[in-house]
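For reference, the structure discussed in these notes is given below.
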Amino acid sequence: MNDRQTSDHHIFTLDLTEHEVRRRTEVLAALGDTWDPIAVMEGEVDANRLLYSGLDAEQQATYDMLVAAGVLPGSGQD
């Protein structure tokens, strides 16, 4: 049977564009006027530096291995 639209199957499309615009608007409204994306990104970089600072030799070797494998970003790629 080649008829794709039978009595038990109906083809329809759903455009989520309006919903996505509304969702993004609500997210930005929830973040408020004081949200500073640059400060958030800088905080993430600082947290990453702190997380991987003070490693012992074994931990540093593991970290270096993960960076070399591309699992973690290198310290210059924050």
Side-chain angles (χ1 to χ4, degrees):
M1 183 178 210
N2 282 339
D3 185 15
R4 293 180 63 198
Q5 189 157 335
T6 63
S7 62
D8 58 341
H9 295 283
H10 298 281
I11 298 172
F12 67 95
T13 60
L14 183 59
D15 184 2
L16 296 176
T17 306
E18 182 179 339
H19 173 72
E20 181 62 16
V21 169
R22 186 171 56 90
R23 185 194 68 80
R24 288 180 184 192
T25 301
E26 293 298 328
V27 167
L28 291 176
L31 290 171
D33 294 336
T34 59
W35 180 63
D36 183 0
I38 302 299
V40 170
M41 291 175 68
E42 289 171 348
E44 287 289 324
V45 169
D46 291 343
N48 227 5
R49 280 193 199 108
L50 183 59
L51 179 63
Y52 297 113
S53 67
L55 301 177
D56 64 28
E58 184 179 351
Q59 292 168 330
Q60 186 65 49
T62 302
Y63 173 78
D64 293 340
M65 178 184 66
L66 292 171
V67 169
V71 176
L72 293 174
S75 59
Q77 299 172 335
D78 299 326

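M65 and V71 sit in two unconnected hydrophobic clusters of ILVMFWY residues. Membership requires side-chain heavy atoms under 4.5 Å apart, directly or through other members. Under the 4.5 Å side-chain heavy-atom criterion for ILVMFWY residues, a single connected hydrophobic cluster contains both V67 and L51.
Identified under the side-chain hydrogen bond (donor to acceptor under 3.5 Å, both in side chains) test for residues 54-72, with sequence neighbours left out: Q60-D64.
Between E20 and R24 there is a salt bridge, since a side-chain N of the basic residue sits under 4.0 Å from a carboxylate O of the acidic one.
Residues meeting the salt bridge (charged side-chain N to carboxylate O under 4.0 Å, His left out) test with E26, sequence neighbours left out: none.
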Listing, residues 31-46 side-chain donor-acceptor contacts under 3.5 Å, not counting sequence neighbours, or none:
unit_1: D36; atom_1: OD1; unit_2: I38; atom_2: N; d: 3.3
unit_1: D46; atom_1: OD1; unit_2: R49; atom_2: NH1; d: 3.2

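What you find for D15 and T17 is that their closest heavy atoms are OD1-OG1, 2.5 Å.
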